[in-house]
Amino acid sequence: MRTSEDMDEVDTGQHQLSGDLPVLSLGNVSKTFAGTQALESVDLDIRAGEVHALVGQNGSGKSTLIKLLAGYHQPDPGSVARYNGEEFHLGQRDTSGFSHIRFVHQDLGLVLEMSATENLALSAGFITGTSGRVHWKEQEERTKASLARLGVDLDIRKPLGAATPVERTIVAIAAALTGWESGRGLLVLDEPTAVLPHTEVDRLLEIVRGIQRLGASVLYVSHRLDEIFKIADRVTVLRDGRVVTTKETVGLNTQSLAELMVGERVDAAFRLARSPVDAEASVLAVRDLAGGTLRRLTASVAPGEILGIAGFTGSGSEVVPYLLAGARPATSGQVKLADGKWHPASRLRRSGFPLVPADRQREAAVADFTVAENLTLRVMESFSRGGALSAKREADVVREWIKKLQIKVANSEDSIMSLSGGNQQKVIMGRCLAADPSVLVLAEPTAGVDVGTRQAIYELIGGLADRGLAVVVTSTDTTDLIALCSRVIVLSRGEQCSELVGDAIDEHSLLAAMEAGTP
Ligand SMILES: Nc1ncnc2c1ncn2[C@@H]1O[C@H](COP(=O)(O)OP(=O)(O)OP(=O)(O)O)[C@@H](O)[C@H]1O
């Protein structure tokens, strides 16, 4: 059996074939922020034409490494970087290495009000005549050619706000690759599938394979371990800023990779043991609820129940959390709250059920606030004593939730923006739970959250449900629904198409139910 000592053994796995010069070679790369050593003596080689995955728990240093490559951070002295054997300066954008490395960051960097053509023109430059007028026809030809190179045919005139998430990601990749005709560089994809539904993930992976076939190398960051095995040739595992190992993916599996990341045993197929609930005793019920892509939903959730809502993008599932939490207006329907009476669904606007939204950076984190302030935002009032805030009570809550959710932060007075993405998600989750609600609404609760912390989050939600919390959860990651839910309602084209209960909730049945409702 593998011990944690074995896991700590450093195996660089970088047995180069003779003449097999790495495209990118990093040596002794370190990065220290005030109070945090984010990276420590990292060595990493990326071979020509390989897809190389980079994995690690939240806060292990993946984004910091990418930001160093992108010239966003300066490395500590002593760090060495080479592109095709030629040394270049990390932390500087205008060096030769940099021009060969292209990036698609998590936020994609697109303007959603603009079309694919306009977005590509923004990154590659507008084609203009002597009068300065933009040659749109040529611009469109260029966009089509860029997308055709990826084997994609999209409506290049519609605003990207109306495109599907995977179409947006594809446009971001095309934008990143403009002017890269040789196709021999390195493309860095930072969690490209964090909120993509299963079907769209496969489409994206096919595009990544196409890029690899062009001769490029890809550095691929993801928390979805099943993808690593579908796409990557090798994987490097970071833990606490250090490289634990670089290995061929052949010979690893989800379980062993999860354990390398965490450094101890984890159950990659974790599932909560749920006791039956009294289905009659609803704490929140909706009748014919509609709004956005949701045309009609009739459902109720009982105290202690974890109800899942599943469906592909556009099925209506993605708007349910926002309607229930009153963050988006319902256009029709009724709601029954704790008073046991039916009200117009507009009443949800005042119900104030806490919501963990899908896009924490845009919708939830208050960027100017500290970690402590973000954690206690919803419970501020209960701390007030005669107008003054009970600092001790606040500090207790902050400590409690940092511990319960294993939030990696040097100091709770640090800005939330200094936290890694997954740790920001945990702060938002803690904020909602600290308010001790009767209903909790979760959209993509584990997007960007590592495999070890996922289980901690599942167990925490399960424990709260055992004590009576009703939870409604939507997720594009079926792992969440399987691990958490005792019942899942499947939506298609805005309406309920089926319901799965208990042990019937598994990967195969969920996908089959979602596909069955799709035209
Ligand atoms: N600008 C910054 N200032 C201070 N600390 C930072 C800053 N950026 C990152 N850190 C710290 O460096 C460590 C590594 O963070 P990083 O974002 O690289 O992790 P990650 O592996 O990308 O995590 P995730 O999977 O959650 O995105 C964390 O402890 C983080 O809090």
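Residue indices begin at 1 and follow the sequence shown. Ligands are counted one by one from 1 in listed order, and the atoms in each one are counted from 1 as well.
Taking the six-membered ring where the residue is Trp, Tyr83 and His100 present parallel rings, their angle staying beneath 30° rather than reaching 60°. Aromatic ring pairs are classed by plane angle as parallel below 30°, tilted from 30° to 60° and perpendicular above 60°; the pair His73 and Phe33 is perpendicular.
Arg234 places no side-chain N or O within donor-acceptor distance of the main-chain N or O of Val51, the cut-off being under 3.5 Å. Between the side chain of Asn58 and the backbone N or O of Asp450, at least one donor-acceptor pair lies under 3.5 Å.
Not a single heavy atom of Gly56 lies less than 4.0 angstrom from ligand 1.
For ligand 1, the atoms closer than 4.0 angstrom to any heavy atom of Gln57 are 21 (O). Atoms of ligand 1 found under 4.0 Å from any heavy atom of Leu419 (numbered from 1 in listed order, with element): 31 (O). In the vicinity of His223, heavy-atom distances shorter than 4.0 Å reach the ligand 1 atoms 25 (O).
Contact annotation for Met417 and ligand 1: no heavy atom of the residue comes within less than 4.0 Å of the ligand.
Residue Ser418 holds the heavy atom nearest to atom 30 (C) of ligand 1 of all those in Ala38, Gly59, Ser418. For atom 21 (O) of ligand 1, the nearest non-hydrogen atom from the set Lys62, Arg239, Lys31, Lys426 belongs to Lys62. The heavy atom nearest to atom 15 (O) of ligand 1, out of those in Val371, Thr64, Thr453, is found in Thr64.
If you check which protein heavy atom lies closest to atom 27 (O) of ligand 1, you get Gly421 N, 3.4 Å. The closest protein non-hydrogen atom to atom 17 (O) of ligand 1 is Ser420 CB, 3.3 Å. Closest to atom 1 (N) of ligand 1 among all protein heavy atoms lies Phe33 CE2, 3.7 Å.
Here the shortest heavy-atom pairing between Gln425 and Pro445 reads NE2-O, 3.1 Å.
Judged purely by distance below 3.5 Å, without hydrogens or angles, the side chains of Asp190 and Tyr220 never pair a donor atom with an acceptor atom. Residues Ser30 and Asp76 have side chains that never bring a donor and an acceptor to within less than 3.5 angstrom of each other.
Residue Arg168 qualifies as enclosed at atom CZ: its count of foreign heavy atoms under 6.0 Å is above 12.
Ligand 1 has a nitrogen or oxygen under 3.5 angstrom from a nitrogen or oxygen of Asn58. Between Thr36 and ligand 1, no pair of N/O atoms sits closer than 3.5 Å.
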Between Arg47 and Glu248, is the salt bridge (charged side-chain N to carboxylate O under 4.0 Å, His left out) condition met? List the steps.
CA-CA 12 Å; Arg47 296 175 186 160; Glu248 308 279 337; 3.8 Å; yes

